[in-house]
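Residue numbers start from 1 in every chain, and the chains themselves are labelled A, B, ... in the order their sequence lines are given, proteins ahead of strands.
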Amino acid sequence: MVSEITENNFLNNLNESQQEATLYNEGASLIIAGAGSGKTRVLTYKIAYLLTTGIQPYRILALTFTNKAANEMKERIAQIVGKKITWMGTFHSVFSKILRQHAELIGFTPQFTIYDSSDSKSLVKNIIKTMNLDEKIYKPGNILSKISMLKNHLISPTAYEADYQNQQNDYLKKIPEFYNIYKQYVERCKHSNVMDFDDLLFNTNLLFSSFPDVLQQYQELFSFILIDEYQDTNYSQHLIVKALAAKHQKVCAVGDDAQSIYSFRGANIDNILTFQRDFPNCKLFKLEQNYRSTKNIVDAANSLIEKNNHQIRKTIFSENKRGNLIELINSYSDFDEAASISSKIRQILRLNDYNYSDFAVLYRTNSQSRVLEDAFRKNNIPYKIYGGISFYQRKEIKDILAYCRLTINKNDEEALRRIINYPARGIGDTTQIKLFNAAHSYGTSVFEVAETPTIFNVKINSGTQKKLLDFTKKIEEYTLFYQANDAYASVEKIIKESGIITDILTDDTPENISKKENIDEFLNMVYEFCDRKANEGESNISLTDFLAEVALFTDQDNENEEEQNKVTLMTVHAAKGLEFKNVFIAGLEEQLFPSALCQTPSELEEERRLLYVAITRAEDNCILSYAKSRFRNGQTQFSNPSRFIKDIDSQFLHQQQEYTTFYGRETTNTFKEYRSHTSKIISIHSPQKNIETTNSTPISTNNDEIQVGSKVIHALFGKGIVVDLEGHGDERKAKVEFQTRGTKQLLLKYAKLTITE
DNA sequence: TGACCGCGTCTTTTT
DNA sequence: GACGCGGTCA
């Protein structure tokens, strides 16, 4: 009865193609949903509709890209049909829950803890160090991303070793020891009863393939599966979906190939195409009407994305009003850019009925936020900032979490390493090395060795032994405590008794005060977590429950209430799925957007998609901006406008008159500095709409032109003469004798030398 | 053992 | 500019 009424009501809110996509539930379907085409709405209504057909809420599996998206969708579904679906969240959070249920089958305990990226990196570093390898050759970051890629393709160390080609390649790349690092990494994670982010997916696949009865249990449980943002899933995730839906084929993937921006994390745009192959009777729906943006914004975005070769062709259109042209601001410096954006925000606010929260400034890299923040503070523009150092990455929070982790999982090596001597308790490097060595040779945990060092033939003096015992006893005490108390009480006890709070309160430097505030905030979050769980009907919310989720939290997940009416600052990646009335995209320059690290055609296409995502966040106004010079990596660098600007059809663009943005003293300095450096460039730029990026003279000299004897200018060291050259490609170094700063070795990749004659 | 300093390195995006 | 590392000194 109730369901019929609601069903009729909510389906009226959908257009024809949205309705078709919502109502088709006989088999597999793929919904290609253009930006702003009401994708979330379709997904929400589809789930709501399924619930009205009698499917139980716990039998729907809905996978989203962020926890936040999941929570919002859950709430909306509850509003529409009054039912709460249980299995909804990110791949990582849903499958970590499932893994806990069956952890023992694959050699873990249900209390396994989760390594975040910095824990993983620290472990890799440690392995490299203990293997006596050179960190310059075996760069932990590179090694880790290679490991991550392998795991995302389900290539275990054993499988890696089995393929002779791999060793051959590593040998050629001069990292022959890679396999051993990978092997050790996996072994040590397992010994530590720990999974990293990729393991959550890898081990789910392992669980399903090794235990068909477990797989079958979930195949039967989930009678319908929906996945959002399919273009950003990786192979490992794709296989999980394939396995779970293999029997009933009731699966619906929603995505937009044009918005695929996570290939660096292993996401594969082709999963969308593979999806159709894996589910042969898959029905394809396209949502092409954009409800979000003005015609100009949609047309401009279309004209940009057309320049990509690799894409599913579709026609996104808008029936909204034409709207304003995309505006293009150019500035002399990043500093000016920030000032221009501030004054532009003020201007739009004056002329229209907007709030601060209707504005967002998007950028390619987090480091760009700094100048913007300064300008906003100066201009009294309230702002909130996402990204950068995550709350959970702050030292004081990680320290507390490490105590918590060790409390429930004594094998968690990175947690132990972090706190065994923090706060300082006289267990120094020498002792620690002895403990770790013994643990590895006896194949036991470091914690166990620390408890009873003599059993493992570790020779330490009685003083140190006493200190170790104090430490392990303390942790054991927390363990007993958490088993009988709730998460809040446990965390509170740990904060108070571990000595962390005492250490921070010893003196009241501003850093310590802020640390104290963060700790209070953290405790508050634990409280809210318990509160929320209690409201959801769970009792005995323990530290394990909290830890199981906290590792997968991100900053976006805990929006503050006070953050209401503020301008949003974030990276384009973080803006995925969001929309704002007015969007600024800052730093549209070569070397920055597209990033200097993206060189191959496919990488450049991803950068272009990234800009497409950025532009399509805008509802009413979209303003692009670039600066001629930018303070980066400790020095002023010059660059040309982004090639992507000329990818946008000029009929949708309005370029502000050149060089109108002068703000304050700093600008004048920058301007002078700029002129003195590049007196040529000023005349190159014609004040026309179309910007010629291809013909403008590059500001820094092509490195190949530099020879021994070349007279050069360096932005910081001034004039000099090249006296020696060595290396090739990115490694190419020049020895330069500067007139006033002596002789320096410079990596040409970074030095940006200019030949003067 | 810990605090501090100076040097060199490296700079993308994040579940 | 920020960070990590290694060396030095108390």
Side-chain angles (χ1 to χ4, degrees), chain A residues 63-70 89-96 114-118 120-122 125 129 135-136 139-142 144-145 148 151-152 195-201 229 232-234 236-237 260-267 362-368 370-371 386-390 392-393 395 421-432 463-464 467 549 551-557 570-576 587 591-599 603 606-607 609-611 613-614 630-637 716 730 744-747 749-751:
Chain A
L63 298 165
T64 56
F65 195 70
T66 61
N67 294 308
K68 193 181 166 207
T90 61
F91 271 89
H92 292 88
S93 69
V94 165
F95 293 107
S96 72
I114 297 173
Y115 275 179
D116 68 17
S117 326
S118 63
S120 301
K121 197 167 182 176
S122 152
K125 268 190 187 172
K129 212 175 250 171
E135 271 200 38
K136 304 242 163 57
K139 291 180 183 162
N142 294 349
L144 193 58
S145 66
S148 170
K151 284 187 183 171
N152 287 330
M195 296 192 197
D196 67 14
F197 287 137
D198 303 314
D199 288 335
L200 295 174
L201 307 172
E229 308 281 11
D232 286 322
T233 55
N234 60 37
S236 183
Q237 291 168 318
S260 161
I261 55 174
Y262 278 93
S263 71
F264 70 90
R265 210 167 77 189
L362 310 181
Y363 35 78
R364 180 68 240 272
T365 63
N366 279 306
S367 58
Q368 286 168 260
R370 214 190 162 110
V371 252
Y386 291 93
I389 311 145
S390 152
Y392 303 97
Q393 292 297 320
K395 184 186 178 300
N421 201 27
Y422 177 78
R425 52 174 68 88
I427 305 173
D429 284 350
T430 338
T431 310
Q432 286 184 40
T464 313
K467 289 169 189 161
E549 293 199 23
L552 304 169
F553 282 165
T554 58
D555 277 358
Q556 262 95 327
D557 296 329
M570 55 166 64
T571 63
V572 183
H573 284 90
K576 186 169 108 141
Q591 314 296 318
L592 181 60
F593 201 167
S595 158
L597 298 166
C598 297
Q599 299 292 338
E603 283 170 337
E606 175 145 327
E607 293 285 298
R609 290 194 294 271
L610 195 54
L611 181 58
V613 168
R630 185 171 293 278
F631 198 68
R632 282 224 278 167
N633 316 328
Q635 63 181 69
T636 307
Q637 295 185 352
L716 223 56
D730 282 356
K744 310 228 178 236
Q745 276 255 342
L746 302 162
L747 256 183
K749 184 182 164 195
Y750 293 114

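In terms of modelled atom types and a separation under 3.5 Å, the side chain of A:R364 and the main chain of A:L592 share no donor-acceptor contact. Checking side-chain atoms of A:D232 against main-chain N and O of A:I261 turns up a donor-acceptor pair under 3.5 Å. Formation of a donor-acceptor pair under 3.5 Å by the A:Q635 side chain with backbone atoms of A:R632 is not found in this model. The backbone N or O of A:S263 sits less than 3.5 Å from a side-chain atom of A:E606, completing a donor-acceptor pair. Panel note: side chain A:N421, backbone A:I427; a donor-acceptor pair is recorded below 3.5 Å.
Summarising the geometry, the separation between CD on A:E603 and P on B:dT13 is reported as 15 Å, rounded to the nearest angstrom. The distance between atom CZ of A:F197 and atom C1' of B:dT15, rounded to the nearest whole Å, is 6 Å. Between the OH atom of A:Y115 and the C1' atom of B:dT15 there is a distance of 18 Å, given to the nearest Å. In this entry the distance linking CG of A:L201 with C1' of B:dT14 reads 13 Å, nearest Å. As rounded to whole Å, 10 Å separates atom P of B:dT15 from atom NE2 of A:H92. Whole-Å rounding puts the A:I261 CD1 to B:dT14 P distance at 9 Å. Rounded to whole Å, the distance from CG on A:L597 to P on B:dT11 is 8 Å. Across the protein-nucleic acid pair, A:E607 atom CD and B:dT13 atom P stand 11 Å apart, rounded to whole Å.
The residue among A:C598 and A:T430 whose nearest nucleotide of DNA chain B is located toward the 5' end is A:T430. Summary of the strand contacts: A:H573 and A:T464 both lie near DNA chain B, and taking for each the nucleotide with the nearest heavy atom, the more 5' one is attributed to A:T464.
A search for side chain to side chain contact (heavy atoms under 4.5 Å, CB included) contacts involving A:K129 returns A:E135, not counting sequence neighbours. Residues satisfying the side chain to side chain contact (heavy atoms under 4.5 Å, CB included) test with A:S122, not counting sequence neighbours, are A:E414, A:R417. In this structure, the ring pair (Phe, Tyr, Trp, His ring centres under 6.0 Å) partners of A:Y262, at least two apart in sequence or on a different chain, are A:F65, A:F264, A:H573. Taking the side chain to side chain contact (heavy atoms under 4.5 Å, CB included) definition, one finds that A:R370 meets it with nothing, sequence neighbours left out.
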Determine, step by step, whether A:Y392 and A:D116 satisfy the side-chain contact (heavy atoms from CB on, under 4.5 Å) criterion, reporting the C-alpha distance in whole Å, the side-chain angles of both residues, the deciding distance to 0.1 Å, and the verdict. CA-CA 10 Å; A:Y392 303 97; A:D116 68 17; over 6 Å; no
Passes side-chain contact (heavy atoms from CB on, under 4.5 Å), A:R265 versus A:N234? Steps please. CA-CA 8 Å; A:R265 210 167 77 189; A:N234 60 37; over 6 Å; no
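A stacking contact links A:F264 to B:dT13: the aromatic ring centre lies within less than 5.5 Å of the base's six-membered ring centre, and the planes differ by less than 30°.
Residue A:S117 is classed as a base contact, given a heavy-atom separation below 4.0 Å to a base. The residue A:R632 sits apart from the nucleic acid: no heavy atom pair falls under 4.0 Å. Among the heavy atoms of the strands, none lies under 4.0 Å from A:F91. Backbone-only contact: A:K125 has heavy atoms under 4.0 Å from sugar-phosphate atoms and none from a base.
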Just the atom pairs and distances: protein N or O near nucleotides 2-9 of chain B's N or O, under 3.5 Å.
from, atom 1, to, atom 2, distance (Å)
B:dG2, OP1, A:N421, ND2, 3.3
B:dG2, OP2, A:N421, ND2, 3.4

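C:dG4 and B:dT13 have their P atoms separated by 16 Å, given to the nearest Å. A distance of about 22 Å separates the C1' atoms of B:dT11 and C:dG6, rounded to the whole Å.
Mapping heavy-atom proximity under 4.0 Å, the span of DNA chain C touched by chain A runs 5' to 3' from C:dG1 to C:dC5.
Here the side chain of A:K139 is nearest to one of B:dC10, B:dT12, B:dT14, namely B:dC10. Side chain of A:T90, nearest nucleotide from B:dT11, B:dT15, B:dT13: B:dT15.
At the phosphate of B:dT14, OP1 or OP2 sits under 4.0 Å from a side-chain N or O atom of A:N366. Considering only side-chain N and O atoms, A:S595 lies nowhere under 4.0 angstrom from the phosphate OP1 or OP2 of B:dT13.
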